[in-house]
Amino acid sequence: MSPMSDRVRPWVPSVVAALAAGLAAVGGSYLSVGRRPPFVVTPMDRVVLAVSPDALVAFAITELGSLGHQLAFLTAIALTCALLGLAALPGVLACQGGRPAVGVVTGAVLPGAVAFGLTGSAVSSVGTAAGAGLVVLVTAGTAGLGAGEDASRGSLGRRRVLGAVGSAIGLSALGLFVRGSGEGSSQSGLDIPEDARPEVRQLLTQAKTRSLAVDGLEPLVSTDFYEVDINNVDPNVDREEWTLSITGAVEEEAEYDFADIEAMDIEDRFVTLRCVGDQLNGRQMDTALWSGVPVAALLEAANPNGDRVVLHGADEYYNEFPLEALRPGLLAYRMNGRPLPRAHGAPLRALVPGHWGEINVKWLTEIEVRDKDTRGYWEYRGWHGTGPVHTVAKLWQVNHLGSGRLEVAGHAYAGTRAIEAVEISTDGGDTWVEAELSDSLPGEDVWRQWRYEYGAAGTHEVIVRARDGNGTLQSPDEDGPKPDGATGWVSETVGPM
């Protein structure tokens, strides 16, 4: 072994123990506050997303989808573990130097102080300090076990390092068990709440009965609604403290609290949302029954003087688009008969008919009217998804029915233009037939299901395309999601089982 290796090697156990303390610190914070803004990883997550090059962000959105967000979050977790591990290192070194009491206190206090500086949350900081302190305590407590191993070289010893790593993993696993890895996500599904208003029960029942009976196909009201946000930790807005402001180029600025919104006449609408980053046959398109307040009444009271609007969310997201697109919109605070979930923008979100999901701002806090154009959050990053959605037919399900029969099915959406027909080719585009469509749901901004059954032998290419309510056929020109949404006809090679 080289002299350099001899000099470096004694530090390795200390670094490993410190990193274990950093992991436990993150686990302690998660155990104390969950995946919420005070979670110690949240500030690092925002930094990772802010410094990521636009090209990398675009690649993550278009090629990786939700996996891109997960990788960014894992990166933020790793960096936070390293930062808190660095803060815990003096405590580990104190234990190594034979001062366990000083080491445990230092190894807990310094990471806790860093966490408080990052989050400003006493609860999260205490959880961070407790997690790091536990690992340092285990490191100090196993000193006797490791003394015979490497003590002469000033090393922590293998048993102490294993104890540190094991306790860190155990604490992190406990946090996941108690809090759950998907905390903050909420799906309403198609089960109808018993306490829902009669109008809501009737509409959700209607959605069930109008859904096509196709195995494996998402019904007309989605059971697993997609989520896309700029951050990996959703805001946790207290609706008792929340307000909505209407500001800017208006004659009468206004502010509403949640009680004001609830006191207004409620309206129920089926609305489909599709992300501008959705691949041509991707899964970032879903439908729900939303309940809330029409935007028009609030705009009338404010009497806007401008023709543009910027919507601001509590997550610091914002987007700008024409005011006229917002006027027929809905400010929703319920989803499928339940209070709007935190993951979908509670206490209030915007729904803008027929437009890409990026302007349907969640956690809405301000409607700012402007008299000149500006750019929204994604426009600064090279996207232009503020216009109406493109017509699309998705091929989401292929079922082999036996005796050479096949069933292909999916959903089609054209925004407020509605879907008039879906056409299928089972011979690579040589001939076309119309598919069966589900009955339309009430509303103008809603998808429809389609299915087609046929007999075929061998491998063949299935192509689908939609025609909107204006009689316009979906564009065949293939283009990726960036900058303004994917276009083209969906095709899939289908063969025998």
Handout entry: Student check: side-chain heavy atoms of Cys81 and Ile77 closer than 4.5 Å
Key = yes
Practice task
Answer with yes or no whether the side chains of Ser291 and Asp268 bring together a donor and an acceptor at under 3.5 Å.
Solution key: yes
Practice task
May I ask you to say whether Asp371 pairs ionically with Arg308, meaning some side-chain N is under 4.0 Å from a carboxylate O?
Solution key: no
Practice task
Mind listing the closest non-hydrogen atom pair of Glu358 and Tyr317 along with its distance?
Solution key: O-OH, 2.6 Å
Exercise for the section: Take atom CD of Glu267 as the centre, draw a 6.0 Å sphere, and report whether it contains more than 12 heavy atoms from other residues, nucleotides or ligands. Expected result: yes
Problem - Which atom of Phe258 lies closest to which atom of Arg239, heavy atoms considered - result: CE2-NH1, 3.1 Å
Problem - Check: Arg417/Asn470 side-chain N/O donor and acceptor closer than 3.5 Å - result: no
Exercise for the section: Show your reasoning for whether side chain to side chain donor-acceptor pair (under 3.5 Å) applies to Thr223 and Glu218. Expected result: CA-CA 7 Å; Thr223 57; Glu218 187 89 321; 2.9 Å; yes
Problem - Check: Ser29/Ser124 side-chain N/O donor and acceptor closer than 3.5 Å - result: yes
Practice task
Measure from NZ or CZ of Arg269 to the centre of the six-membered ring of Trp290, then state whether that distance is under 6.0 Å and the direction lies within 45° of the axis.
Solution key: no
Practice task
Output all residues satisfying ring pair (Phe, Tyr, Trp, His ring centres under 6.0 Å) with Tyr452, sequence neighbours left out; order by chain, then residue number.
Solution key: Tyr454
Handout entry: Carboxylate-amine/guanidinium contact Glu453 Arg451, below 4.0 Å
Key = yes
Problem - Side chains of Trp447 and Thr272, donor plus acceptor under 3.5 Å - result: no
Practice task
Determine whether more than 12 heavy atoms belonging to other residues, nucleotides or ligands lie under 6.0 Å from atom CG of Asp265.
Solution key: no
Problem - Side-chain donor-acceptor contact under 3.5 Å, Ser425 with Asp427 - result: yes
Exercise for the section: Flag the pair Trp396 / His411 as yes when their ring centroid distance falls below 6.0 Å, and as no otherwise. Expected result: yes
Problem - Presence of salt bridge, Asp191 and Arg338, under 4.0 angstrom - result: yes
Practice task
Kindly indicate whether a cation-pi arrangement holds for Arg274 with Tyr226, taking the cut-offs as under 6.0 Å to the six-membered ring centre and within 45° of the axis.
Solution key: no
Exercise for the section: Check the side chains of Asp445 and Tyr413 for a donor-acceptor pair under 3.5 angstrom, ignoring hydrogens and angles. Expected result: yes
Practice task
Over all heavy atoms of both residues, which pair between Thr391 and Ala414 is shortest? Give the atoms and the distance, please.
Solution key: OG1-CB, 3.5 Å
Problem - Which atom of Ala207 lies closest to which atom of Val221, heavy atoms considered - result: CB-CG2, 3.6 Å
Problem - Sidechain N-carboxylate O distance under 4.0 Å for Arg370, Glu368 - result: yes
Problem - Parallel, tilted or perpendicular: rings of Trp383 and Trp378 (30°, 60°) - result: perpendicular
Exercise for the section: Can you see which heavy atom on Trp432 is nearest to which on Gly429, and at what distance? Expected result: NE1-O, 3.3 Å
Handout entry: Shortest non-hydrogen contact between Leu280 and Val392, atoms and distance
Key = O-CG2, 3.7 Å
Handout entry: Lys394 side chain near Met285 side chain, heavy-atom distance below 4.5 Å
Key = yes
Practice task
Using only heavy-atom distances, determine whether the side chains of Asn399 and Gln397 contain a donor-acceptor pair under 3.5 Å.
Solution key: yes
Problem - Any donor-acceptor N or O pair under 3.5 Å, side chains Asp315, Asn231 - result: no
Fill in the blank from the handout: With Pro43 as partner, the option from Val233, Val48, Thr119 fulfilling side chain to side chain contact (heavy atoms under 4.5 Å, CB included) is Thr119
Practice task
Say whether Glu379 and Thr386, considering side chains only, have a donor N or O and an acceptor N or O under 3.5 Å apart.
Solution key: no
Handout entry: Sidechain-backbone polar pair: Lys362 side chain, Ala343 backbone, donor-acceptor under 3.5 Å
Key = yes
Handout entry: His384 and Trp356 aromatic centres sub-6.0 Å
Key = no
